[in-house]
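Please read the structure below before turning to the comments.
Values below: all heavy atoms of this structure, side chains included; hydrogens, waters and symmetry mates excluded.
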Amino acid sequence: MGWHVYIKRLKMKRTKSIFIFIFAFLAISINAQEIKHKSFRFEVGVNYPVVLKSGSNQNSKVAVYFEGLWNLKNSPLSIESSVSLERYTVKDGSYNGAANTLALIPSLIYNCNSRGKICPYFGLGTGVTVDNPDSGVFDPGYHFHFDAVPKVGVKICHIDVFSEYYITNSAYTRLVFGLGYTF
């Protein structure tokens, strides 16, 4: 095994360790008090894109997202609007490399237990992503793609654990796992 393979494996282990550490740190911050139902909340967190094509995750990196949530009064529905940054591998024709993405996705969410400490939810978003292979998001060569994004997750007190699947141009389709903290 060459040194370059060893270094890639070491980087992947480090990324996984950071993600586990963040999850453990946020889990410790859960308290036993009842959650107050707010009409508007803000969330910040980390996400990790996974491309489901064979050998396509060597460029995936942990990134950040920001989200605004509006809980509709006397309803299990909420409206979310998220902005996220992502980096992952794209295989598009002859190009095989990293892509940088800025995603803007509004979503309609159904909360299964909106007033409890544990609240599973699911929803669907549609929006737009700005994708650029192998350079900054708005550098020359960027593309706009429209997306449909089904989402499923669970909120435990202020901690949000979710996955969402970006359905878009086949080269940019990906599964994203996320972990956030809701204020």
Side-chain angles (χ1 to χ4, degrees), residues 1-26 43-67 80-109 120-155 159-181:
M1 171 172 33
W3 283 101
H4 65 283
V5 174
Y6 175 76
I7 290 172
K8 284 183 182 180
R9 287 183 182 169
L10 189 61
K11 286 181 181 179
M12 183 58 114
K13 287 181 182 178
R14 182 181 64 195
T15 301
K16 288 179 184 176
S17 297
I18 290 170
F19 195 68
I20 290 169
F21 173 76
I22 291 171
F23 179 72
F25 177 76
L26 291 175
E43 182 174 319
V44 63
V46 295
N47 59 26
Y48 185 77
V50 176
V51 180
L52 300 179
K53 296 177 183 175
S54 177
S56 296
N57 291 311
Q58 66 265 24
N59 293 313
S60 291
K61 305 285 185 207
V62 173
V64 297
Y65 74 91
F66 305 95
E67 192 168 81
E80 295 182 353
S81 184
S82 69
V83 176
S84 65
L85 296 170
E86 299 166 8
R87 183 174 172 90
Y88 54 94
T89 301
V90 172
K91 289 186 176 184
D92 189 12
S94 63
Y95 181 77
N96 183 7
N100 295 297
T101 295
L102 174 67
L104 307 167
I105 310 292
S107 304
L108 181 63
I109 302 295
Y121 65 89
F122 60 91
L124 179 66
T126 58
V128 65
T129 56
V130 182
D131 303 298
N132 200 344
D134 212 28
S135 61
V137 173
F138 291 107
D139 288 346
Y142 65 87
H143 306 281
F144 285 97
H145 294 112
F146 291 98
D147 301 279
V149 186
K151 181 176 184 177
V152 64
V154 63
K155 292 185 181 180
I159 307 301
D160 185 11
V161 180
F162 66 89
S163 65
E164 51 192 8
Y165 188 71
Y166 284 77
I167 302 168
T168 186
N169 176 303
S170 65
Y172 296 93
T173 297
R174 64 205 174 276
L175 177 66
V176 176
F177 296 101
L179 175 67
Y181 187 83

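- Summarising the geometry, atom OG1 belonging to Thr101 is positioned 7.5 Å from atom OH belonging to Tyr172; distances are rounded to the nearest 0.5 Å.
- A donor-acceptor distance shorter than 3.5 angstrom exists from the side chain of Asp147 to the backbone of Thr129, with no hydrogens or angles considered.
- Note that OH of Tyr121 is 6.0 Å distant from CD of Glu80, once rounded to the nearest 0.5 Å.
- Side chain of Thr89 to main chain of Gly97: no donor-acceptor pair is present (N/O by atom type, distance under 3.5 Å, no hydrogens or angles).
- Within the 4.5 Å cutoff, no side-chain heavy atoms of Tyr166 are placed close to those of His145.
- Other residues, nucleotides and ligands contribute at most 12 non-hydrogen atoms within 6.0 Å of the OH atom of Tyr142.
- The two atoms that bring Gly141 and Pro133 nearest to each other are O-CD, 3.9 Å, heavy atoms only.
- Checked against the 6.0 Å centroid criterion, the rings of Phe146 and Phe144 do not qualify as a close aromatic pair.
- You'll find the side chain of Tyr181 reaches within 4.5 Å of the side chain of Ile159, heavy atoms only.
- Residues Tyr65 and Glu86 bring no donor and acceptor atom of their side chains to less than 3.5 Å of each other.
- Of all non-hydrogen atoms in Arg174 and Pro49, the two that sit nearest each other are CD-CB, 4.2 Å.
- Of all heavy-atom pairs between Ile105 and Gly127, the closest is CD1-CA, 3.8 Å.
- A distance of 6.5 Å separates OG1 in Thr168 from CG in Asp131, rounded to the nearest 0.5 Å.
- Looking at Asn47 and Ser84, their side chains come closer than 4.5 Å, going by heavy atoms from C-beta outward.
- The structure places OG of Ser82 at 6.0 Å from CD of Glu164, a figure rounded to the nearest 0.5 Å.
- To the nearest 0.5 Å, atom OG1 of residue Thr126 and atom CD1 of residue Ile167 are 11.5 Å apart.
- Using a cutoff of 4.0 Å between basic side-chain nitrogens and carboxylate oxygens, Glu67 and Lys151 are scored as salt-bridged.
- To the nearest 0.5 Å, atoms CG (Asn132) and NE2 (His143) are separated by 7.0 Å.
- The closest side-chain heavy-atom distance from Tyr165 to Thr173 is below 4.5 Å.
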- request: Would you check, one step at a time, whether the test side chain to side chain contact (heavy atoms under 4.5 Å, CB included) holds for Tyr88 with Val176?
  value: CA-CA 10 Å; Tyr88 54 94; Val176 176; over 6 Å; no
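- Between Val83 and Leu102 the shortest side-chain heavy-atom distance falls below 4.5 Å.
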